[in-house]
Number of protein chains: 2
Amino acid sequence: MNLELIEIPARRGKAVRVRKDQRVKMINTHGTQVVDTWAFNAGDLHEFMSWEHTRPHIGRIMPKTGDVLFTNKRRPILTLLEDSSPGIHDTVIAACDKYRYKFLGVEGYHDNCTDNLFAAMAELGLIPPEVPQPLNMWMNIPVGPDGTIQWLPPVAKPGDHVLLHTEMDVVMAFSACPQDILPINGVACKPVECHLQIL
Amino acid sequence: MNLELIEIPARRGKAVRVRKDQRVKMINTHGTQVVDTWAFNAGDLHEFMSWEHTRPHIGRIMPKTGDVLFTNKRRPILTLLEDSSPGIHDTVIAACDKYRYKFLGVEGYHDNCTDNLFAAMAELGLIPPEVPQPLNMWMNIPVGPDGTIQWLPPVAKPGDHVLLHTEMDVVMAFSACPQDILPINGVACKPVECHLQIL
């Protein structure tokens with residue numbers, strides 16, 4: 001067991017290898033930060049946590065405590081064991097990318113979760129074969145009865161955590177979302193760091 | 001202009017090449033059939049219609065008339081010009097696959113939309129590099145205020161159509177969903193054929 005606190009730096013990514021039957025604690029250190037989260041089968045990166053494949057199993061568009069999360073081969077990859085936050089997470093919005101910030105009027109480069117995924121995996125010598133829909137932990141995107149979406153700040157408290165159990169050997173990647181134009185990382189639009197523990 | 005009526009056979013797929021600025025008319029011949037629908041950039045199959053990338057642009061989880069649909073590089077690929085049906089389509093459930101039918105208790109092989117995608121593309125000499133979240137045309141998956149989903153029959157009428165405008169040269173693939181266990185292809189659970197016209 002390793003109780004080291006691993007930082008996901010503000011605006012940056014981090015990837016870790018985690019063996020089957022470990023637990024990954026994700027801590028929203030300041031309460032305001034969205035963390036794009038991916039999980040890949042460590043033995044075959046073409047298999048990964050897939051939201052469109054998980055939804056039929058859990059019967060919801062976002063996960064709640066106790067839910068088993070599935071891969072694109074419909075095998076369990078993670079279980080959501082604990083969630084001290086109100087359980088508001090997003091699974092319908094893509095990771096931000098260089099194209100997204102152009103649409104938002106940014107000139108030149110802007111940090112983004114897609115590049116963070118590739119950079120974090122590269123630190124482990126890996127290249128993700130595709131960019132799956134992430135589990136956007138703590139991202140608050142309410143879906144209305146007519147299917148409309150809103151972009152709201154997280155409702156987590158400082159120190160809130162989620163605890164995930166690994167159902168296979170995985171490579172997990174995280175990005176502390178650098179979105180500083182829309183208030184999805186809090187009304188201050190100030191991306192900050194989060195932390196991990198591998199238990 | 002080619003007014004030929006192209007069949008998407010019951011339980012099977014069909015792929016077509018369509019040039020930029022053409023129109024694709026999808027006809028729900030019997031009104032009860034879901035059609036999983038994909039669009040790939042004909043010049044680069046790694047770029048394709050992406051629902052997680054489209055939702056931020058249209059502000060909804062499902063498309064309505066007038067919406068521009070975007071690729072994973074956030075470029076326009078299709079525009080939804082007309083929809084004679086009530087506009088109930090799904091974008092949150094994966095294409096069915098061999099794994100899905102095992103979970104539903106099927107022993108042995110069951111036709112499925114993922115294999116139909118590969119077979120239809122293979123008829124054009126193409127292999128899709130991944131299986132994107134499809135636009136499940138006419139699939140009725142209401143999302144409740146708590147994020148729960150239901151599996152309901154289509155609300156289309158026989159002969160209802162949608163008309164799509166192509167914003168780039170595309171390869172489009174369609175699968176008349178072979179789901180015959182859940183009532184998503186009507187309460188009779190009887191998959192049937194649909195039709196296309198390229199205008």
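Below, chains carry the letters A, B, ... as their sequence lines are ordered, and counting in each starts from 1. A quick note: this is a predicted structure, and the numbers were derived from the prediction, not measured.
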* Taking all non-hydrogen atoms of both residues, which atom of B:Lys73 and which atom of A:Tyr99 are closest, and how far apart? -> O-CG, 3.5 Å
* For residues A:Val92 and B:Arg55, report the shortest heavy-atom separation together with the two atoms involved. => O-NH1, 2.5 Å
* Structure fact -> Greatest number of non-hydrogen atom pairs under 4.5 angstrom with chain B, of A:Asn72, A:Asp97, A:Ile58, falls to A:Asp97
* State plainly whether one hydrophobic cluster holds both A:Leu117 and A:Leu126, where clusters connect Ile, Leu, Val, Met, Phe, Trp and Tyr through side-chain heavy atoms under 4.5 angstrom apart. => yes
* Asked: By a 4.5 Å heavy-atom criterion (distance strictly below it), what part of B:Arg75 contacts chain A: side chain, backbone, both, or neither?
  -> neither
* Asked: Honestly curious: do B:Val16 and B:Phe40 fall in one hydrophobic cluster under the side-chain, below-4.5 Å linking rule?
  -> no
* Asked: Of all the residues in residues 156-187 of chain A, which have a heavy atom that comes within less than 4.5 Å of a heavy atom in chain B?
  -> none
* **Joint hydrophobic cluster, A:Ile8 plus A:Met137, side-chain heavy atoms closer than 4.5 Å** => yes
* Determine, using the 4.5 Å side-chain heavy-atom cutoff (strictly less than), whether A:Val68 and A:Trp51 are members of one ILVMFWY cluster. => no
* To do: Could you tell me which of A:Arg100, A:Lys102, A:Lys64, A:Gln133 has the largest number of non-hydrogen atom pairs under 4.5 Å with chain B?
  => A:Arg100
* **salt bridge (Lys or Arg N to Asp or Glu O under 4.0 Å) against A:Arg17, all qualifying residues, sequence neighbours excluded** => none
* Atom of B:Arg74, atom of A:Ala94 and distance for their closest heavy-atom approach -> NH2-CB, 4.1 Å
* Under the ring pair (Phe, Tyr, Trp, His ring centres under 6.0 Å) rule, collect the residues that match up with B:Phe103, sequence neighbours excluded. => A:His57, A:Phe70
* **Residue pair A:Ile61 / B:Ile149: nearest heavy atoms and the distance that separates them** => CG2-CG2, 3.9 Å
* Asked: Going hydrophobic residue to hydrophobic residue with side-chain gaps under 4.5 angstrom, can you get from B:Val18 over to B:Met49?
  -> yes
* **Close approach to chain B in residues 78-86 of chain A, criterion heavy atom under 4.5 Å** => none
